[in-house]
Amino acid sequence: MTEQDFILNKYLNSLESGSFTWSSPSNIALVKYWGKKKNQIPANPSISFTLDACKTTTKLAYSKKENKNDFSFDVYLDGAKKDDFKPKIETFFKRVEQYLPFLRDYHFKIETSNTFPHSSGIASSASGMSALALCLMSIEKQLNSEITDVFFNQKASFLARLGSGSACRSIEGDLIVWGKHKEITGSSDLFGVKYPFKVHDNFKNYQDTILLVDKGEKQVSSTVGHDLMHNHPFAEQRFAQAHENLSKLINIFREGDLKSFIEIIESEALTLHGMMMTSMPYFILMKPNTLEIINKIWNFRQETGLHICFTLDAGANVHILYPESEAKAIYEFISSELVVYCQNGHYICDRIGFGAKQLPI
Ligand code: DP6
């Protein structure tokens with residue numbers, strides 16, 4: 001597939017007004033996307049678990065307008081008008097316009113809400129952009145009913161990527177690869193694909209408890225962080241390492257090798273933050289409590305032999321990953337020993353999920 005394949009040359013139907021609603025989850029990267037080229041092309045391939053409970057629901061209402069000069073839309077979060085969301089959506093519309101030629105024909109009302117608090121430090125860009133991309137695809141499907149399910153999902157992922165890179169991994173579940181990798185059949189820089197090989201039962205219903213260490217606004221946006229990979233002294237080695245880690249994961253997923261899984265996942269998280277600390281300008285997004293939690297996890301793993309590990313995204317919050325078979329003991333440990341490090345004791349219990357859903361409203 002190339003970019004051109006996502007441009008449909010004809011719309012068979014005409015549409016006046018209506019609405020679509022999609023609920024789309026967040027995802028947590030195991031091999032991280034950090035660094036990108038022009039047009040949201042990733043510098044290296046990444047793989048993620050799609051989440052289940054952390055999601056955004058977006059209702060997109062559309063009505064035909066006379067004037068086709070500008071984009072026209074309003075955005076609401078939990079019922080309140082959010083004009084500060086508009087620039088990001090305007091940028092998204094500009095990026096996807098050539099693939100969705102109907103965008104200037106309608107006025108849109110975008111009503112969105114998240115299951116997690118907006119100020120939780122959990123980025124809503126993956127779930128939010130994927131939900132919006134899916135709503136737009138529902139409109140395109142009304143305009144051209146010949147669109148297949150495969151094309152629908154691929155194009156939704158393609159569009160979501162143009163909104164926010166990691167969003168392309170939120171359309172489907174449960175394990176999604178984004179970025180060309182020589183051993184992964186069908187993988188593409190343009191959209192996310194379902195991981196195509198065997199995954200051992202050890203990874204079924206894998207748990208992710210998210211400890212909300214710092215709920216403030218991010219000090220450094222992902223976009224700025226990605227940019228700093230351009231002149232980064234370790235960039236090329238890092239990109240090569242991501243390819244190697246993804247290769248190693250193929251065997252780990254097949255064999256259910258949790259020990260090796262943990263090694264790669266934690267190394268990826270710390271490498272991501274290592275890249276931040278060694279960029280120019282350098283920055284640190286972990287907080288003292290992030291390190292307290294990591295050390296507690298390491299001690300508990302040493303003492304018990306249980307397969308608990310952590311990963312991080314571009315912030316201070318800690319995602320604790322563990323197999324369902326060990327959930328009881330690990331959850332007890334989290335609630336008795338780790339919740340004290342969370343801001344206001346807040347954390348979210350999530351698990352691997354199966355992707356976005358259209359809602360009938
Ligand atoms: C650290 O997808 O938020 O979470 O493409 O600029 O919107 P943009 O970046 P974004 O970056 C996510 C970075 C990450 C790692 C990952 O999810 O792979």
Side-chain angles (χ1 to χ4, degrees), residues 24-51 54 56 85 87-92 94-96 116 120-133 157-171 175-179 181 187 189-192 195 208 210 217-230 232 235 238-239 241-243 245-246 249 264-277 279 283-286 290 310-319 321 350:
S24 189
S26 185
N27 68 74
I28 181 69
L30 305 171
V31 171
K32 308 290 181 181
Y33 148 58
W34 197 243
K36 61 179 163 185
K37 305 177 204 165
K38 211 167 156 258
N39 298 333
Q40 298 278 109
I41 296 298
N44 64 260
S46 57
I47 187 165
S48 54
F49 279 152
T50 303
L51 294 182
C54 288
T56 297
F85 282 13
K88 195 155 187 200
I89 293 174
E90 178 96 23
T91 305
F92 172 60
K94 281 188 192 139
R95 284 186 194 159
V96 298
F116 46 90
S120 61
I122 297 188
S124 58
S125 63
S127 51
M129 283 297 173
S130 53
L132 183 55
S157 175
F158 172 86
L159 297 172
R161 185 197 98 239
L162 291 167
S164 177
S166 55
C168 79
R169 299 187 311 234
S170 277
I171 306 295
L175 204 46
I176 301 291
V177 178
W178 167 41
H181 185 278
S187 58
D189 284 346
L190 299 181
F191 48 83
Y195 177 74
D208 179 4
I210 309 164
E217 285 282 310
K218 280 194 209 171
Q219 297 151 329
V220 181
S221 74
S222 295
T223 308
V224 171
H226 286 295
D227 266 357
L228 290 173
M229 287 303 279
H230 282 306
H232 196 293
R238 158 60 198 153
F239 301 147
Q241 179 201 38
H243 281 268
N245 281 344
L246 204 38
L249 278 175
I264 291 192
I265 275 34
E266 292 190 346
S267 162
E268 275 288 324
L270 294 178
T271 300
L272 168 71
H273 284 256
M275 289 296 116
M276 300 173 189
M277 289 188 236
S279 62
F283 56 102
I284 301 180
L285 295 185
M286 290 187 282
T290 312
F310 71 86
T311 188
L312 307 167
D313 52 22
N317 296 334
V318 183
H319 288 250
L321 302 179
D350 209 343

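Order of appearance sets the numbers: ligands from 1, and atoms from 1 within every ligand. We count residues from 1, following the sequence as given.
At least one side-chain heavy atom of Leu228 sits less than 4.5 Å from a side-chain heavy atom of Phe283. Phe49 has its side chain out of reach of Asp208: every pair of non-hydrogen atoms, C-beta onward, lies at least 4.5 Å apart.
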Pick out the protein N or O atoms lying less than 3.5 Å from any N or O of ligand 1, and list each pair with its distance.
from     : atom 1 : to     : atom 2 : distance (Å)
ligand 1 : 2 (O)  : Ser164 : OG     : 3.2
ligand 1 : 2 (O)  : Ser166 : N      : 2.8
ligand 1 : 2 (O)  : Ser166 : OG     : 2.7
ligand 1 : 3 (O)  : Ser222 : OG     : 3.4
ligand 1 : 5 (O)  : Tyr33  : OH     : 2.7
ligand 1 : 5 (O)  : Lys36  : NZ     : 3.4
ligand 1 : 5 (O)  : Gln40  : NE2    : 3.4
ligand 1 : 5 (O)  : Gly165 : N      : 2.7
ligand 1 : 6 (O)  : Lys36  : NZ     : 2.7
ligand 1 : 7 (O)  : Ser164 : OG     : 2.6
ligand 1 : 9 (O)  : His226 : NE2    : 3.0
ligand 1 : 11 (O) : His226 : NE2    : 3.0
ligand 1 : 17 (O) : Arg169 : NH2    : 2.8
ligand 1 : 18 (O) : Tyr33  : N      : 2.9
ligand 1 : 18 (O) : Arg169 : NH1    : 3.0
ligand 1 : 18 (O) : Arg169 : NH2    : 3.2

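Interatomic distance, CD1 of Ile41 versus CG of Leu162, reported as 8.0 Å (0.5 Å rounding).
Applying the side chain to side chain donor-acceptor pair (under 3.5 Å) test between Ser130 and each of Ser157, Ser166, Ser24 identifies Ser24 as the sole match. Considering Ser26, Cys54, Pro25 as possible partners of Asp350, the one that fulfils the side-chain contact (heavy atoms from CB on, under 4.5 Å) test is Cys54.
With hydrogens and angles left out, the side-chain atoms of Lys88 and Ser164 include no donor and acceptor closer than 3.5 Å.
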